[in-house]
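These notes concern the structure reproduced below.
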Amino acid sequence: MTYLINNNSNVTKRVEFAENSDSQSTLRANGLGLSLIKSYEELERPELPIDAVSSQLVEILAKNDTSIIIGETGSGKSTQVPQLCVKAGLHEMGKIGITQPRRVAAFALANRVAEEMETQVGDKVGYKFRFNNETSEETNVVFLTDGILLREAIFDSFLSSYTTIIIDEAHERSLHTDILLYLLRMIQKQRRENSDMNPLKLVIMSATMNSEKISAYFDNAPIYYIEGRTYPVELFYANSLTIKDDDDYVYNAVSVVLDLHESEPIDHDFLVFLTGQEDIEKAQKMVKDDQKNATTRKILPLGLYASLSTQMQARAFSKAPQGTRKVIFATNIAETSLTIPGIRIVIDTGRVKQKLYSSQEYEKMDEMPTPEILRSNLCGVLLELSSIGLKSPSTIKLLDQPNKENIEAALDMLEKINAITVKKKLVKNVAKSFVELTSLGKKLSDFPVDPIFARILIAAEKLNCLEEALTVVAFISSEDVFLPLPSSLKEEEKYTRKFDTNEGDHIKFLNIFRAYKSAKNSLKHQELKEWCVSNCINERRLQNVIKARKQLRDTCINKKYNVGSCGLNTSLLRQAIAHGLFMNACEYDPVSKSFKLISSPGIKVKIHPSSCLAMHRPTTIVFTELVRTKDLFARTVSLVDAEWIKKALDPQNGLLS
DNA sequence: TGTGAACTT
């Protein structure tokens, strides 16, 4: 069937509307309209493929409990569907929430949609992710990370402030998205059955066509396809141009930028994909060095990656000054879901790297990545789900079922740390686990960190060293603050860094935090920066640690914890750490000259060379994490007393009530 | 005696 639809822009488009099967209607806005449109620069906003079907979508959104919308990046679904929900009146009884797997995406989309709806960010349109909340009473549409919506569900298990939840980028299958899909399906059912509550409308959006699975998961919800691409962007692969240096893809990418800078109009901005933060900083510096003497036709090199501050990320979305070209060096955070205004040329270095792989490996890379839920430690999410009220996590029905052993291992761990009790019951001759949250488990789930880290905080309160424990937990649950050591450093110098202590790496973190605080009080801004560099510290990451610490501390204050300090008595702090990490306790084994895991003595580990205890030979240690390379290495290690480990294993332990 | 990098509460 073919319908002709008139839309607001006076452009007539041909739209095919085909009914494929009972469960699946197909809405196609084929690209025909695009050739009729004027250059996007002359329009308020670029014409989007979704515009052709917007009025049908409003009806669909108003009518269906659950809709699945499939559209390519650039179809406009992320910016337009929330606005169409408003047109359908879904904001009248509560908020419309739209989740993103990444913070930048939530931030950028909120800014764009606020502009299109002619409102300020934080007013009718807002965003919310960890450490940032730009929403108010007035907010109708909120862009938030999937992780934070999951947190909200702990405090409001019906998500009652929302009328509509849109899950965007469902194809990425992030751990949080998968859990949310499960949870939303359940909440939708509960709200439908409870006459006091408004129904919950769900919209699942994805870029891939393999959507039957999601549809089946939601009782065969109808699937709608939006076809077509957005405004023209030229895509260059770096290897199709002159390769200057075979080994240095950053150098190649920058060379391409500088070449194209000569030939392209100055108001066409560039987007360059690189693999990581380090490469991005390097590329920015290379461009800056090249531009030192430039007076006209300047380049403004900007970075865009997750750990960049919100302000710096915002610069990537703002306009470059007149006569200056904006060049954005980004990780894959910008690859999906983001459309950055002004970008006309995209330089993708991926191909250059890929030619380093054999064809077999190349094919492997091309396959769909394994959903995160199939390869993650499930402790944290299972505790969250128990806290929301789920009684039988072993029978949880997810889009992809994690293997049973994985779930059992996580439940076993939660039981060992006394966060839950598990009762096995026979249901229709099949053993099922029923989970009950303990009072300790409830406390642990208040903190946005791994449950074993939260246990450190609980023990620390009783040991009167919570102030210090907050610092340690903030460090171990954040990114590594150390800059990579220059290989020019001699071996001896590496291990005589001034914060090292024979108590271990956790106390070293405390030393760094204390030293930074006092340096901050006595030094000027620039001097403080230099202080960080000379101590091999990444200052921005350290600031993130400080933010995480504040968030944890606020939770403690809120829950009326006694936030005391042990001062110089760091033995108390290590005792608290032992109460969290007791499952990771190891004893030195003189026979094998390695450490054996106390909980399973067959496993032998070595202290990672980066640890300040690597050159020592402590009897008993606890570690934060294990990494497997040539051997099994324990990273971030502390010296402990064997007695503390025994005490931590005791269920009657008064420190953890 | 040696880290994949990116994402997130």
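The structure displayed is predicted, hence computed values, not measured ones. Just so it is clear: chains get the letters A, B, ... in the order the sequence lines come, proteins before strands, and each one is counted from 1.
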Could you tell me whether E172(A) and R102(A) make a salt bridge, using a distance below 4.0 angstrom between a side-chain N and a carboxylate O?
-> yes
Do the side-chain N or O atoms of T145(A) get closer than 4.0 angstrom to the phosphate oxygens (OP1, OP2) of dT9(B)?
-> yes
How is L150(A) classified with respect to the nucleic acid when contacts are heavy atoms under 4.0 Å: base, sugar-phosphate, or nothing?
-> nothing
Give the nucleotide from the list dT1(B), dG2(B), dT9(B) with an atom nearest to the side chain of M615(A).
-> dT1(B)
Base, sugar-phosphate alone, or nothing: which one does F633(A) contact when heavy atoms must sit under 4.0 Å apart?
-> sugar-phosphate
R151(A) has its side chain closest, among dA6(B), dT3(B), dT9(B), to dT9(B)
Could you tell me which residues satisfy salt bridge (Lys or Arg N to Asp or Glu O under 4.0 Å) with E134(A), sequence neighbours excluded, listed by chain and number?
-> none
side-chain contact (heavy atoms from CB on, under 4.5 Å), paired with R635(A), selected from D480(A), T624(A), V605(A) | D480(A)
Which one, dT9(B), dT3(B), dA6(B), comes nearest to the side chain of Q277(A)?
-> dA6(B)
Whole-Å distance, D480(A) CG to dA5(B) C1', equals 13 Å
Taking CG from L444(A) and P from dT9(B), how many angstroms apart are they, rounded to a whole number?
-> 20 Å
What is the distance from CD of E479(A) to P of dG4(B), rounded to the nearest Å?
-> 15 Å
Between N544(A) (CG) and dT8(B) (P), how many Å, whole number?
-> 11 Å
Please give, in whole Å, the distance from dA6(B) P to D279(A) CG?
-> 8 Å
Just call it for R103(A): base, sugar-phosphate, or nothing, with non-hydrogen atoms closer than 4.0 Å on any strand.
-> sugar-phosphate
Between C1' of dG2(B) and CG of L632(A), the distance in whole Å | 14 Å
If you check the P609(A) side chain, which of dT3(B), dT1(B), dT9(B) turns out closest?
-> dT1(B)
Would you kindly say whether S592(A) and D589(A) are connected by a side-chain donor-acceptor distance under 3.5 Å?
-> yes
Hey, are T145(A) and R103(A) close enough side-chain-wise for a donor-acceptor pair under 3.5 Å?
-> no
Base, sugar-phosphate, or nothing for Q551(A), non-hydrogen atoms under 4.0 angstrom?
-> nothing
Take the protein atom CD of E172(A) and the nucleotide atom P of dT8(B), then report the distance between them rounded to whole Å.
-> 11 Å
Any donor-acceptor N/O pair under 3.5 Å between dT8(B) base and R102(A) side chain | no
Can you figure out which of dT9(B), dA6(B), dT3(B) approaches the side chain of H608(A) most closely?
-> dT3(B)
In whole angstroms, the gap separating P of dT3(B) from NZ of K606(A) amounts to 12 Å
